Structure formats: C-alpha cells, structure tokens
Amino acid sequence: MPAAAIPTPWVHGHDAINPRAFKQAMRAVAGSVAILAAEHDEIGFCGITATAVCSFSAEPPSLLACVNRSSTFASAIREGVPFSVNLPAGDQENVARAFGGMTKAKGVARFSSGSWVRGGTGAPLLVGARAMFECRVAEIIVRASHMIVIGIVSGVALDRADRSPVFYAHGRFLTVGDEAN
Ligand SMILES: Cc1cc2nc3c(=O)[nH]c(=O)nc-3n(C[C@H](O)[C@H](O)[C@H](O)COP(=O)(O)O)c2cc1C
C-alpha cells in the first residue's frame, strides 16, 4: 500500500469514536430529504423530516426509515398506524424545516406548512411532492436511540416528479444546481 498521510484532524477510537466526531463527519453526507407523516387517533397528526430513508426491496415493494424513538411520530408508528413518505420539491423547503423541528411548530401545526390530502390508507400526503409513498408498518427493529421501520408500500403517486430533489448537507438544504460551501 502506498504511504499516504492520514488527513487531519483524524479521530480514532478502539471501539467507537465519540458521537460529536461522527456527527461532524456525517454532515458531509448529502442526504435525500423525505417528509414522513401519519395520523393517530389519540396522538393526532404528526411527522418528521428524515434523511435516513431508503428503498428496502421491490418484491414486495418496501422501504425503510430510521426514526428516533423520542419523536412523536415514533410513538404513532409503534402503534402501527399507516404513514406516508413524501419527497419534497425544491420549493417545499419550508415544509422540510417545519417537520425537521427547525421552527416552533409541533404536531398538527406542522401541517399548516404545505398542503395535505388523505391517501387511501388515511395517511396524510404532501400535495406537490415529487413522489409520495403510502406505507403500512411491516416490522420495527429497535436499536439504541432509533428504530428501523420497514414499511410495505401500498400506494405511490408522482406529482411534480420533474422538479429538483432536495438534499441536506453541511447543515443546509440544497437543490440540484446549488453549491455546498
Ligand atoms: C435534514 C434533517 C434530517 C433528519 N433526519 C432524521 C431521520 O432520518 N430520522 C429521525 O428520526 N429524525 C431526523 N431528523 C430530525 C427530526 O425531523 C426531528 O427531530 C423531528 O422534528 C422530531 O419531531 P418531534 O418534535 O415530534 O419529536 C432530521 C431533521 C432534519 C432537519
């Protein structure tokens, strides 16, 4: 192996590095932004912005999301309510901010950002999102602070699929064509 200098600052630990260094490095990941939403009889409307969402399998169509167990949305999902995964367009950054806890809005107040309709499962869908997935909870795997939610996709819709996707990196929302500084 050629000798090369390790880039500095270099953080190394035997078992695990400290979470701060991990979070700092994870800021470099350009995560595709999704807005997850649900309605629960007692909890009401709830939702989060999430970048930890990806396709899981095509047969059956399913996706997974990593959800912090402390969120209101997690409490609803644990009860097995259906949920939606909405991929916002570039002009829906305000919705991503509200659902990401970057404004004071909580619970149903988050839904005053954007316009919402009810899907076939009853889950709220973000009108004008590039793509919307309606999911039924298939499995929840709890690990430390988070839970991995596997959702079977029972409905999809493309609304403004030609619009630019929204990413989050280095603490900023970006659309294609933007430059991360
Ligand atoms: C860009 C971005 C990405 C996020 N990704 C996730 C994620 O993948 N999983 C998660 O549980 N929370 C994620 N969050 C944090 C939640 O959106 C936030 O904690 C949420 O508002 C909590 O809801 P609550 O106030 O109802 O508890 C993300 C936030 C932002 C701004």
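Ligands are counted one by one from 1 in listed order, and the atoms in each one are counted from 1 as well. Since we're looking at a predicted model, the values are computed, not measured.
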When distances are taken from atom 25 (O) of ligand 1, the protein heavy atom at minimum range is Lys106 NZ, 2.6 Å

Taking only non-hydrogen atoms of Gly101 and a 4.0 Å limit, the atoms of ligand 1 in range are 21 (O)

Partner of Ile140 under side-chain contact (heavy atoms from CB on, under 4.5 Å), picked from Val67, Ile148, Ile150, Ile77, is Ile77

Numbered in order shown, the ligand 1 atoms found under 4.0 Å of a heavy atom of Ala52 are 8 (O)

heavy-atom search around atom 11 (O) of ligand 1 in the protein gives Asn68 N, 2.7 Å

Side chain to side chain contact (heavy atoms under 4.5 Å, CB included) between Tyr168 and Thr49: does it pass, once the steps are laid out?
CA-CA 11 Å; Tyr168 192 77; Thr49 290; over 6 Å; no

The protein heavy atom nearest to atom 19 (O) of ligand 1 is Gly100 O, 4.7 Å

protein heavy-atom neighbour closest to atom 31 (C) of ligand 1 works out as Met102 SD, 3.8 Å

Tightest non-hydrogen contact, residues Ala96 and Ile35, listed as N-CD1, 3.8 Å

Taking atom 9 (N) of ligand 1 as the reference point, report whether a protein heavy atom occurs under 4.0 Å from it. yes

Atom 23 (O) of ligand 1 sits nearest the protein heavy atom Arg110 NH1, 3.2 Å

Note to self: Parallel, tilted or perpendicular, judged at 30° and 60°: which one describes the rings of His12 and His14?
What the structure shows: perpendicular

Between Gly128 and Ala89 the two heavy atoms that sit nearest each other are O-CB, 4.1 Å

To atom 7 (C) of ligand 1, the nearest of Ala76, Ser145, Ala98, Ala50 on a heavy-atom basis is Ala50

Q) Counting only heavy atoms not in Met102, do more than 12 fall under 6.0 Å of its CE? A) yes

Residues Leu126 and Gly114: closest non-hydrogen pair is CD1-CA, 4.2 Å

the protein heavy atom lying closest to atom 29 (C) of ligand 1 turns out to be Thr49 O, 3.8 Å

Partner of Phe99 under ring pair (Phe, Tyr, Trp, His ring centres under 6.0 Å), picked from Phe45, Phe111, Phe73, is Phe111

Item to check | Non-hydrogen atom of Cys66 closer than 4.0 Å to ligand 1 | outcome: yes

Ranked by distance from atom 27 (O) of ligand 1, the top protein heavy atom is Ser71 CA, 3.2 Å

For atom 22 (C) of ligand 1, the closest protein heavy atom turns out to be Ile48 CG2, 3.9 Å

(message) Pairs of nitrogen or oxygen atoms closer than 3.5 Å, one from Thr72 and one from ligand 1: do any exist?
(response) yes

Same hydrophobic cluster for Val53 and Ile48, using side-chain heavy-atom links shorter than 4.5 Å among ILVMFWY? yes

What one should report as the nearest heavy-atom pair of Ala98 and Ser113 is CB-OG, 3.5 Å

Val67 heavy atoms within 4.0 Å reach ligand 1 at atoms 11 (O)

Examine Phe99 against ligand 1 and note whether any of their N/O atoms are separated by less than 3.5 Å. yes

Sub-3.5 Å N/O-N/O distance, Phe173 and ligand 1 | no

Can you tell me if CG on Asp41 sees more than 12 non-hydrogen neighbours from other groups inside 6.0 Å? no

